[in-house]
Protein chains: 2
Amino acid sequence: MTNVLDDLLDDLVDGRRRALARVLSRVEDGRPSDLRAIAARLHPMGGSARILGVTGSPGVGKSTLTNALTASLREAGRRVAVLAIDPSSPFSGGALLGDRVRMQSHHADDGVYIRSMAARGHLGGLAVATPQAADVLDAAGFDDIIIETVGVGQSEVDVASTADTTLVTLAPGMGDSIQAAKAGILEVADVFVVNKADQSGAGKLASELTGMLEMGHASGAVGADEGDWWPPILRTVAVRGEGVDEVLAAIAEHGEHLDASGARAQRSRARAAGLVRDLALGQVRARFDGDGADETFLHDLADRVVARDLDPWAASDDLVAAIDGAAS
Amino acid sequence: MTNVLDDLLDDLVDGRRRALARVLSRVEDGRPSDLRAIAARLHPMGGSARILGVTGSPGVGKSTLTNALTASLREAGRRVAVLAIDPSSPFSGGALLGDRVRMQSHHADDGVYIRSMAARGHLGGLAVATPQAADVLDAAGFDDIIIETVGVGQSEVDVASTADTTLVTLAPGMGDSIQAAKAGILEVADVFVVNKADQSGAGKLASELTGMLEMGHASGAVGADEGDWWPPILRTVAVRGEGVDEVLAAIAEHGEHLDASGARAQRSRARAAGLVRDLALGQVRARFDGDGADETFLHDLADRVVARDLDPWAASDDLVAAIDGAAS
């Protein structure tokens with residue numbers, strides 16, 4: 001019997017675009033047996049692509065910046081994949097509206113691939129789906145993988161943990177500087193991009209960012225690890241391509257820093273450890289979603305918690321003991 | 001030696017307001033030993049408060065609605081606690097700016113307690129912190145606990161799983177109907193509130209919601225479980241208190257429905273099961289955050305994943321086997 005997924009993976013490795021789309025849909029659907037087969041086949045082939053993260057609040061021009069970066073990278077002869085992540089859609093699983101609009105400028109170019117992704121029904125959510133999708137694009141031979149995500153708290157952290165270099169995009173007049181401090185993006189930004197720099201307030205925003213970086217440095221949140229990388233603050237007008245080459249230069253410089261400081265190895269290891277841990281916890285968690293003995297045990301504990309006969313922490317201790325005893 | 005926390009819990013049970021604030025700070029800080037002690041003492045005493053969830057996008061008037069609900073409940077002689085959750089601040093841990101503004105209208109009233117909460121450094125985040133904070137307020141003798149949260153995806157789901165009745169608040173002219181479908185709030189709403197109903201577009205928004213409910217009903221997402229509760233769509237002008245009594249009537253009706261249909265028991269059980277599962281997974285996860293043998297094993301696996309010598313799923317299988325073997 002022919003295995004459809006194995007054939008798809010053969011086709012993907014042979015460079016067929018349709019197979020790529022179908023394998024990414026399997027990643028998005030998140031069936032563990034599919035994910036296992038995809039990882040077993042493609043993970044050994046990967047490791048050569050550069051992964052860039054682009055994050056920021058809605059309206060700052062992330063898609064425009066991504067488009068401009070893509071155009072410049074294409075001019076340099078690099079193959080570029082864009083993965084647009086929508087963390088606010090755990091339920092819909094639909095494609096982003098922007099996709100078709102964006103495809104137009106690149107759709108005749110075989111060296112560009114643009115794809116949106118939601119995390120539906122995923123063990124571990126985007127923290128697990130994103131690196132696996134990146135592995136797929138890596139194995140498909142792309143030189144650069146741009147992961148674009150809307151900035152809402154945890155999602156930036158997930159992007160940052162997958163990307164080699166994370167760009168945090170801001171724009172004047174959107175209250176972003178406050179937003180920046182709030183969501184902790186100071187801690188994930190390798191490069192700051194002040195987009196729409198031709199609008200009033202861009203200079204003020206850049207100064208505020210500088211001030212926050214200095215405060216963050218003083219408190220140890222910025223530049224403490226990883227050999228004191230100081231995130232540059234660059235200005236772009238992405239819609240006209242202005243400043244985009246400077247952003248690419250900063251990305252390249254950050255890449256050299258990652259190698260020279262040993263931070264790349266450190267990040268790769270931390271990223272892999274986080275992924276393996278999340279996958280393992282997802283597997284343990286899945287035992288309690290079915291109808292098996294583990295679920296019955298959990299529901300008996302829950303009944304006692306509801307009856308106020310056991311407190312939740314005491315119940316958790318009983319459950320951990322049951323998990324630990326699963327092999328015996 | 002006197003245990004400070006035990007004394008605080010004694011004072012809390014005796015009704016001292018300062019002790020309540022300090023115990024909630026301990027919940028927010030999330031030290032497992034504190035959380036265990038708090039749960040062991042207070043969980044057996046709880047179970048009598050009604051828990052209401054109020055969610056919606058920024059700007060729809062959630063705080064104003066909460067204020068108006070609080071005023072009406074106070075008139076009926078009920079003691080009310082408001083817990084304002086900020087899911088976008090995992091890093092800051094600071095109080096919401098709005099707190100002091102809101103306190104003014106109720107600060108002389110001993111029957112109202114208003115508190116904002118972030119989830120800092122928490123095993124399981126808000127999904128764990130919120131129900132434990134609710135348990136504390138319940139033990140402190142409040143009749144109604146209103147949990148207010150900004151609607152960004154997962155947080156609504158967490159609120160819904162803690163609350164007996166969840167109000168989803170919308171307002172005309174904010175693109176909320178699209179937002180509503182996107183974030184899956186159809187699945188969590190027990191009551192819809194169209195606030196700012198004196199503004200143009202309120203009627204259109206209510207019709208769109210009705211349409212979505214009908215579609216959701218057809219697809220099984222609305223009214224399928226829990227004995228066919230059909231979420232009412234109510235209009236308020238919360239700033240003038242208009243329509244607020246109708247909202248409270250709908251909440252009471254939903255409460256009666258929960259009892260009559262058996263859905264309350266079902267929800268309580270599912271909520272307790274989810275909480276116990278999350279606590280247990282948090283405990284297992286914590287083993288990999290330290291410097292012990294489990295962490296060394298994980299990092300050895302991570303090194304092999306980075307070297308492309310092992311794929312992440314195969315590494316996860318090894319880790320699950322190690323977790324399962326922990327008791328032996």
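Scope of the values below: all heavy atoms of this structure, side chains included, with no hydrogens, waters or symmetry mates. Quick note on labels: first sequence line is chain A, next is B, and so on, each numbered from 1.
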| said: Is B/A314 in contact with chain A via its backbone, its side chain, both, or neither, using a 4.5 Å heavy-atom distance? | reply: neither
| task | Check each atom of B/L275 against the heavy atoms of chain A and say whether the ones under 4.5 Å are side chain, backbone, both or neither. | result | side chain
| field | Side-chain ion pair, B/R285 and A/D278, N-O less than 4.0 Å | value | yes
| field | NZ/NE/NH1/NH2 to OD/OE distance under 4.0 Å, A/R41 and B/D311 | value | no
| field | Point-to-point distance, once rounded to the nearest 0.5 Å, from CZ of B/R269 to CG of A/D303 | value | 4.5 Å
| field | Atom pair CZ/CZ of A/R287 and B/R277 - distance to nearest 0.5 Å | value | 13.5 Å
| field | salt bridge (charged side-chain N to carboxylate O under 4.0 Å, His left out) against B/R264, all qualifying residues, sequence neighbours excluded | value | B/D164, B/D259
| request: Name all residues meeting the salt bridge (charged side-chain N to carboxylate O under 4.0 Å, His left out) criterion together with A/D135; count only those two or more places apart in sequence or in a different chain, and write none if there are none. | output: B/R308
Any heavy-atom pair between the side chains of [Y] and [X] that's under 4.5 Å?
X: B/V284; Y: A/L281; result: yes
X: A/D317; Y: B/Q283; result: yes
X: B/V306; Y: A/R271; result: no

| said: If I compare all heavy atoms of B/V276 with all of A/P312, which pair ends up nearest, and what's the gap? | reply: CG2-O, 4.1 Å
| request: Indicate yes or no for a side-chain donor-acceptor contact from B/H43 to the backbone of A/W313 under 3.5 Å, with no hydrogens or angles considered. | output: no
